[in-house]
Amino acid sequence: GQSGFFTAIAKYDPSNSKTTSGIDWLLKHLDCCGITNASDWRRNADIAKVWIKEYYNSVPDSCCKRLRDQWNPTPKCGEEQGMGNSPLIHNGGCYEKMVAWLYTYMPMMGVMALAFILFEASVIVITCVLRRDGLTPVPVRIQ
């Protein structure tokens with residue numbers, strides 16, 4: 001559920017590239033900010049380790065809207081945008097967008113998994129039939 005997201009937000013720290021890069025990737029790809037909205041960054045300030053305490057009313061730059069020709073947003077564009085109603089950032093939360101993404105792509109992933117399982121099963125059956133009929137090639141030893 002959402003508790004994992006809140007834990008990740010509380011641990012957000014630009015000096016820790018693993019945690020931060022994962023959160024930034026999610027925010028950029030889903031065009032969202034926070035769990036329910038951008039003000040989640042402000043609500044977590046009391047349990048945060050580093051970043052949120054220092055930038056209390058801010059959001060990460062990965063929450064910012066980007067121009068068409070740039071992937072990375074303008075540096076420090078998230079400063080003083082933590083109220084969750086700014087036109088400069090994506091104010092919507094990531095949780096609903098992630099659930100919608102999963103519902104959209106889950107059937108396709110299921111079909112692909114089923115196709116893979118059927119392919120593997122057919123390879124096993126064909127191998128067993130060939131082996132039983134003695135059609136499996138015998139390895140040649142070079143002396």
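Note: the hydrophobic cluster containing Tyr95 also contains Tyr103 (ILVMFWY, side chain heavy atoms under 4.5 Å, direct or indirect links). Residues Met106 and Ile117 do not share a hydrophobic cluster, clusters being chains of Ile/Leu/Val/Met/Phe/Trp/Tyr side chains in contact below 4.5 Å. The hydrophobic cluster containing Tyr105 also contains Met112, counting ILVMFWY residues as joined when their side-chain heavy atoms lie under 4.5 angstrom apart, directly or transitively. No chain of hydrophobic side-chain contacts below 4.5 Å, direct or via other Ile, Leu, Val, Met, Phe, Trp or Tyr residues, connects Val123 to Phe116. The cluster map of Ile, Leu, Val, Met, Phe, Trp and Tyr, joined by side-chain heavy atoms under 4.5 Å apart, puts Met109 and Val111 in different clusters.
Within the 4.5 Å cutoff, no side-chain heavy atoms of Leu30 are placed close to those of His90. With a 4.5 Å cut-off on side-chain heavy atoms, Ser62 and Ile23 do not count as touching. Side-chain atoms of Cys63 and Leu27, non-hydrogen and from C-beta on, do get closer than 4.5 Å to each other.
How far CE of Met98 is from SG of Cys32: 7.5 Å, rounded to the nearest 0.5 Å. To the nearest 0.5 Å, atom CG of residue Asp31 and atom CG of residue Leu26 are 10.5 Å apart. Rounded to the nearest 0.5 Å, atoms CG (Leu88) and NZ (Lys65) are 8.0 Å apart.
Counting all heavy atoms, side chain and backbone alike, Cys33 lies closest to Cys94 at N-SG, 3.8 Å. Nearest heavy atoms, Asp40 versus Ile35: OD2-N, 2.7 Å.
Residues Asp24 and Thr20 have side chains that never bring a donor and an acceptor to within less than 3.5 angstrom of each other.
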